[in-house]
Amino acid sequence: MKTPVNKEIASVLKRIAVYKELSGENPFKVRAFENAARSVEMHPEEVAALSDKGMLETLKGVGKGVAEVITGYVRSGRSSELETLRSAFPDTIEELFTVPGMGPKKVRAVYEKLGVSSVGELEYACTENRLVTLEGFGEKTQTKLLKAIEFIRLQGGLHLLSDALGTAEEVIGTLKNSAIRDIEIVAAGSLRRGKTTFKDIDILVVEQDGKNRESLQKTLLSLADENGVIASGDTKISVRRRGLQIDFRIVSPGSFPTALQHFTGSKEHNTILRARAKRMGLKVNEYGIYRGDEPVYVSSEEDLYKTLGLEYIPPELREGDEEVRLSEKGELPDLVKAEDFHGMVHVHSSYSDGSNSIEELARECAALGYSYLCISDHSRSAYYAHGLSEGRLGEQADEVRRVNEALSPFRMFCGIESEILGDGGLDYPDEVLEELDFIIGSVHSNLAMSKEEATERLLRAIENPYLTILGHMSGRLLLSREGYRLDEERILEALQKNGTALEHNCNPLRLDPDWPLLKRAKKMGILVSVNPDAHSIEGFSDMRYGVTMARKGWLEKKDVLNCMTAGEIDEFFKRRKKKTSV
DNA sequence: GCCGTTTTCGGCCCGACTGTTTTCAGTCG
């Protein structure tokens with residue numbers, strides 16, 4: 001039997017919570033399962049292993065009851081608890097929860113009263129006008145559900161960081177250029193926390209006074225697609241724009257710090273903070289902090305955290321994991337910043353499948369303020385990408401030397417993105433690899449592998465002394481392709497042992513590996529190289545996603561390979577090469 | 001079901017909006 005990954009165990013717990021809620025179970029028990037699911041999902045190591053060691057209850061939110069469920073599932077691949085709960089309902093009932101507006105009470109009502117147990121049936125019941133007769137439902141609910149079903153049919157519901165950021169910036173730009181004066185507009189929510197995929201975006205509008213409220217509301221509503229107004233209240237307006245839901249909140253300057261904190265979330269982070277405030281005799285909500293009825297003044301988000309006895313917690317860390325506990329002790333990392341990066345690593349030129357020449361890339365990179373560029377075109381087996389033959393590799397090296405002389409002190413390093421072949425070998429003989437400054441090894445073909453095969457393949461590549469950086473480790477494409485399964489622990493141990501760096505590929509379609517793995521790598525002292533995998537000078541701007549993900553993975557300047565200066569990384573490459581010649 | 005700087009029982013974050021109600025339940029974040 002395959003050992004289940006954390007996501008899978010978390011999904012079982014989440015579904016138990018859903019069915020318990022459907023069955024009318026005590027809401028706090030429901031939440032206990034939700035919390036446990038969250039905790040399992042966030043846990044950096046394999047929870048299945050904890051289960052084998054009988055150490056599940058060391059996880060926050062996991063007690064005797066949940067531990068039993070997990071153990072049962074890890075042993076047998078099934079959960080009798082879940083199966084018992086599910087047996088009272090048809091299999092398809094879970095999909096009803098994907099319709100916005102359908103919660104446990106409504107799902108239960110349509111199922112019990114109308115026999116509706118799938119999205120299709122719900123749609124049909126709506127068009128047949130059958131929902132209006134149900135208690136608690138009415139004309140408007142029915143229309144709204146139909147619209148919501150149409151919406152989820154049109155698009156899967158999730159969006160990439162790059163899309164979400166693009167839409168947010170466009171909306172913020174539009175509002176700033178609008179006739180409305182005296183407003184401040186800031187993105188909050190998961191966008192500010194730097195998640196990888198998005199259901200919606202949250203935007204805070206700070207209003208100096210209420211004078212322009214009406215025209216402000218009108219402007220916000222005008223951003224909606226046709227039929228795209230979801231909610232329109234005094235201080236909260238939700239619209240759909242280009243398939244993305246945007247939630248606007250209007251707040252006064254006085255409550256800005258608490259509102260920003262509140263709407264940045266996460267829900268779990270806020271719950272921990274609120275509970276802490278309560279213990280301190282304080283109450284926190286989006287409008288302010290209160291001791292009894294007395295407001296406690298806070299000037300900024302920093303001040304808010306200080307009032308709660310905490311060091312400022314950067315938004316990227318606010319996932320309700322261990323950040324509050326560490327903040328209390330003053331042990332949060334000093335997160336890496338965009339200006340800490342000195343070099344651009346993993347860039348393709350027109351020698352393989354890039355669209356710019358070596359010199360164009362170098363000049364642009366220098367203009368952006370970087371002091372070096374590590375070029376790495378595709379290797380010879382990558383026919384589809386015009387991978388470089390040994391001869392072409394030599395030509396490229398000559399050109400790099402010429403550009404280096406012309407642009408000094410800007411530095412270019414000459415490397416390759418070598419295919420990791422099916423057997424884990426690299427793509428050129430050692431004497432060719434020997435000539436290069438660095439080698440990134442990546443898997444692009446034969447992706448259908450078992451966990452064992454994929455792990456062995458990568459391990460063999462990591463053991464190769466010429467490998468400098470392991471490229472896009474999981475092979476995932478966000479929203480379209482799951483990565484191959486790997487024994488992550490063994491891969492990390494091999495990287496650590498060999499002093500090989502781990503790439504975080506910050507192409508917005510990849511963001512690979514995911515940030516929790518970066519956090520694990522950091523703890524093991526593995527260097528992370530934040531790479532745009534750029535195929536043109538436009539691709540350089542993807543570094544912004546990389547900076548966010550590095551921060552989300554708790555990385556500091558010292559943890560990042562391309563935060564080294566040109567001299568330092570030159571030394572690093574040379575040191576590694578020396579190792580190969582011994 | 002979980003948890004503990006008011007602890008082994010009695011709580012469990014808090015508020016906006018909507019729609020169906022006629023004072024509030026359900027959903028959402």
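Letters A, B, ... are given to chains in the order of the sequence lines, protein chains preceding strands, and every chain is numbered from 1.
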Using a strict threshold of under 4.0 Å (side-chain N to carboxylate O), is an ion pair present between [Y] and [X]?
X	Y	value
A/E81	A/R15	no
A/K113	A/E135	no
A/K60	A/E322	no
A/K451	A/D487	no

[M] and [N], which share atom name [atom1], separated by this distance in whole Å:
N	M	atom1	answer
B/dC13	B/dC17	P	22 Å
B/dT22	B/dG26	P	14 Å
B/dC12	B/dT6	C1'	15 Å

Among B/dC17, B/dT18, B/dC2, which nucleotide sits nearest the side chain of A/S232? B/dT18
Give the nucleotide from the list B/dG1, B/dG15, B/dG19 with an atom nearest to the side chain of A/Y287.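 Given the options B/dG1, B/dG15, B/dG19, the side chain of A/Y287 is closest to B/dG15.
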Identify whether any heavy atom of [X] sits under 4.0 Å from a base atom; if not, whether one sits that close to sugar-phosphate; answer base, sugar-phosphate or nothing.
X	answer
A/N270	nothing
A/D234	sugar-phosphate
A/V30	nothing

Round to a whole Å and report the spacing from [atom1] of [X] to [atom2] of [N].
X	N	atom1	atom2	result
A/L282	B/dC13	CG	P	16 Å
A/R279	B/dC3	CZ	P	14 Å
A/R276	B/dC13	CZ	P	16 Å
A/I230	B/dC17	CD1	C1'	12 Å

Does [N] have OP1 or OP2 under 4.0 Å away from a side-chain N or O of [X]?
X	N	answer
A/T141	B/dT20	yes
A/Y290	B/dC14	no
A/S238	B/dC17	no
A/R249	B/dG15	no

Paired with B/dT8: which nucleotide, if any, by Watson-Crick or G-U wobble criteria at under 3.5 Å for both distances?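 Across any shown strand, B/dT8 pairs with none.
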Derivation and outcome, side-chain hydrogen bond (donor to acceptor under 3.5 Å, both in side chains), residues A/E94 and A/Y19: CA-CA 9 Å; A/E94 290 175 44; A/Y19 281 104; 2.8 Å; yes
Fit a plane to each ring of A/Y305 and A/Y312, take the angle between them on a 0 to 90° scale, and name the class: parallel (under 30°), tilted (30 to 60°) or perpendicular (over 60°). perpendicular
In this structure, which one of A/D512, A/L161, A/D514 forms a side chain to side chain contact (heavy atoms under 4.5 Å, CB included) with A/T196?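 With A/T196 as partner, A/D512, A/L161, A/D514 yield a single side chain to side chain contact (heavy atoms under 4.5 Å, CB included), made by A/D514.
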Quick check: on DNA chain B, is the nucleotide nearest A/G233 upstream (toward 5') of the one nearest A/G63, or the reverse? Name the residue that is more 5'.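 Its nearest nucleotide being more 5', the pick is A/G63.
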Output one line per pair: protein atom, nucleotide atom from nucleotides 27-29 of chain B, and distance, for all N/O pairs under 3.5 Å.
residue	atom	partner	partner atom	Å
B/dT27	OP1	A/G103	N	3.0
B/dT27	OP1	A/G103	O	3.1
B/dT27	OP1	A/K105	N	3.4
B/dT27	OP1	A/K106	N	2.8
B/dT27	OP2	A/K105	N	3.3
B/dC28	OP1	A/G101	N	2.6

